[in-house]
Amino acid sequence: MDCIFCGIVSGSIPSSKVYEDELCVAFRDLNPQAPVHVLVVPKKHIASLDEVSAENAADIAAILTAIPGIASSLGVAGGYRVITNIGENGGQTVKHLHFHILGGVKLSERLN
Ligand code: 5GP
Ligand code: ZN
């Protein structure tokens, strides 16, 4: 499968990794939209949050469990935003589930 984030997970595509465990990886966004902009992805290919099921719930739980520690290691503990875009209308451009962690600045209250 031709998936950029599967390539980053396997190491065949270079990235700036900030966290890794057995189920997920976090790396810096190539085109940051805030001083801190990291993507957290499951190692397993899941297309989006729309594909979550009992079978992959542990992968999602691992990501959500890792986020506070990742935020803390990036210096934004207690004040940041987590976003996941879903599908065409949700603005998703990479079809491998990812959670954006954005911080390091007072973010806009607008969500769109
Ligand atoms: P989406 O719009 O799908 O929610 O977000 C995809 C994100 O992936 C964008 O913020 C984009 O900058 C980032 N991105 C796309 N290709 C690469 C890449 O090859 N490496 C890294 N580190 N980020 C990428
Ligand atoms: Zn993938």
Side-chain angles (χ1 to χ4, degrees):
M1 197 196 314
D2 194 20
C3 172
I4 298 170
F5 291 172
C6 282
I8 286 176
V9 167
S10 73
S12 65
I13 294 173
S15 71
S16 177
K17 286 186 186 163
V18 299
Y19 175 83
E20 179 164 12
D21 65 28
E22 63 274 24
L23 294 178
C24 65
V25 177
F27 53 90
R28 295 197 187 269
D29 196 291
L30 202 57
N31 185 218
Q33 296 187 39
V36 170
H37 188 174
V38 159
L39 304 173
V40 195
V41 310
K43 287 187 169 176
K44 185 199 286 184
H45 182 90
I46 300 169
S48 79
L49 201 70
D50 209 36
E51 303 294 318
V52 171
S53 66
E55 283 68 47
N56 56 32
D59 299 275
I60 313 303
I63 292 172
L64 296 181
T65 303
I67 283 174
I70 295 169
S72 181
S73 75
L74 296 170
V76 298
Y80 56 94
R81 181 170 292 160
V82 176
I83 295 172
T84 188
N85 295 325
I86 299 162
E88 190 78 18
N89 280 358
Q92 184 182 9
T93 59
V94 178
K95 310 297 190 221
H96 179 131
L97 174 65
H98 51 283
F99 290 79
H100 298 255
I101 299 177
L102 295 152
V105 69
K106 173 89 172 80
L107 296 164
S108 160
E109 290 176 14
R110 283 189 64 86
L111 290 177
N112 68 347

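Both ligands and their constituent atoms are indexed starting at 1 by order of listing.
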Metal site angle (apex the Zn ion (ligand 2)), SG from Cys6 and SG from Cys3, 10 degrees: 120°

So Val41 and Lys43, do their side chains get closer than 4.5 Å, heavy atoms only? no

Measure from the Zn ion (ligand 2) to every N/O/S atom of His45 and report the name of the nearest one. ND1

Is His100 near ligand 1, meaning one of its heavy atoms is under 4.0 Å from it? yes

Separation between CD (Glu88) and NZ (Lys95), nearest 0.5 Å, reads 5.5 Å

To the nearest 0.5 angstrom, please state how far the CD1 atom of Ile86 sits from the CG atom of Leu49. 4.5 Å

Report yes if some N/O of Val94 lies less than 3.5 Å from some N/O of ligand 1; otherwise report no. yes

What protein heavy atom sits nearest atom 17 (C) of ligand 1, and how far off is it? Leu30 CD2, 4.0 Å

For the Zn ion (ligand 2): the N/O/S atom of His96 at shortest distance: ND1

If you take all heavy atoms of Ile4 and Ile13, which pair is closest and at what distance? O-CD1, 3.6 Å

Can you tell me how far NE2 of His45 sits from CG of Leu97, rounded to the nearest 0.5 angstrom? 9.5 Å

Would His100 and His98 count as a close aromatic pair, with their ring centres under 6.0 Å? yes

Which protein non-hydrogen atom lies closest to atom 5 (O) of ligand 1, naming both residue and atom, and how far is it? His98 NE2, 3.1 Å

Is any side-chain heavy atom of Tyr19 less than 4.5 Å from a side-chain heavy atom of Cys24? yes

Please list the nearest protein heavy atom to atom 3 (O) of ligand 1 with its residue and the distance rounded to 0.1 Å. Thr93 N, 2.7 Å

Say you draw a straight line from CZ of Phe27 to CD1 of Ile8; how long is it, rounded to the nearest 0.5 Å? 4.0 Å

Contacting atoms of ligand 1, where contact means under 4.0 angstrom from a heavy atom of Gly91: 1 (P), 2 (O)

Quick note on ligand 1: atoms under 4.0 Å from a heavy atom of Asn31 include exactly 12 (O)

Can you tell me the protein heavy atom closest to atom 20 (N) of ligand 1 and the distance? Ile8 CD1, 3.6 Å

Quick note on ligand 1: atoms under 4.0 Å from a heavy atom of Gln92 include exactly 3 (O)

So Ile46 and Ile60, do their side chains get closer than 4.5 Å, heavy atoms only? yes

Could you measure the distance from the CZ atom of Arg28 to the CG atom of Asn31? Nearest 0.5 Å is fine. 14.5 Å

Can you hop from Val36 to Ile70 via hydrophobic side chains spaced under 4.5 Å? yes

Of all the atoms in ligand 1, which lie at a distance below 4.0 Å from a heavy atom belonging to Asn85? 1 (P), 2 (O), 4 (O)

Search all heavy atoms of Pro68 against all heavy atoms of Tyr80 and return the closest pair with its distance. CA-OH, 3.9 Å

With heavy atoms and a 4.0 Å threshold, my read on which part of Thr84 contacts ligand 1 is neither

Which residue and heavy atom of the protein sit nearest atom 9 (C) of ligand 1, plus the separation: Asp29 OD2, 3.3 Å

What protein heavy atom lies closest to atom 19 (O) of ligand 1? Include the residue and the distance to one decimal. Ile4 CG2, 3.5 Å

Give the atoms of ligand 1, by number and element, whose distance to some non-hydrogen atom of Phe5 is under 4.0 Å. 8 (O)

Pick one of side chain, backbone, both or neither for how Ile83 approaches ligand 1, counting any non-hydrogen atom pair under 4.0 Å. neither

Within reach of ligand 1, part of Phe99 (heavy-atom separation under 4.0 Å): neither

When distances are taken from atom 22 (N) of ligand 1, the protein heavy atom at minimum range is Arg28 O, 2.9 Å

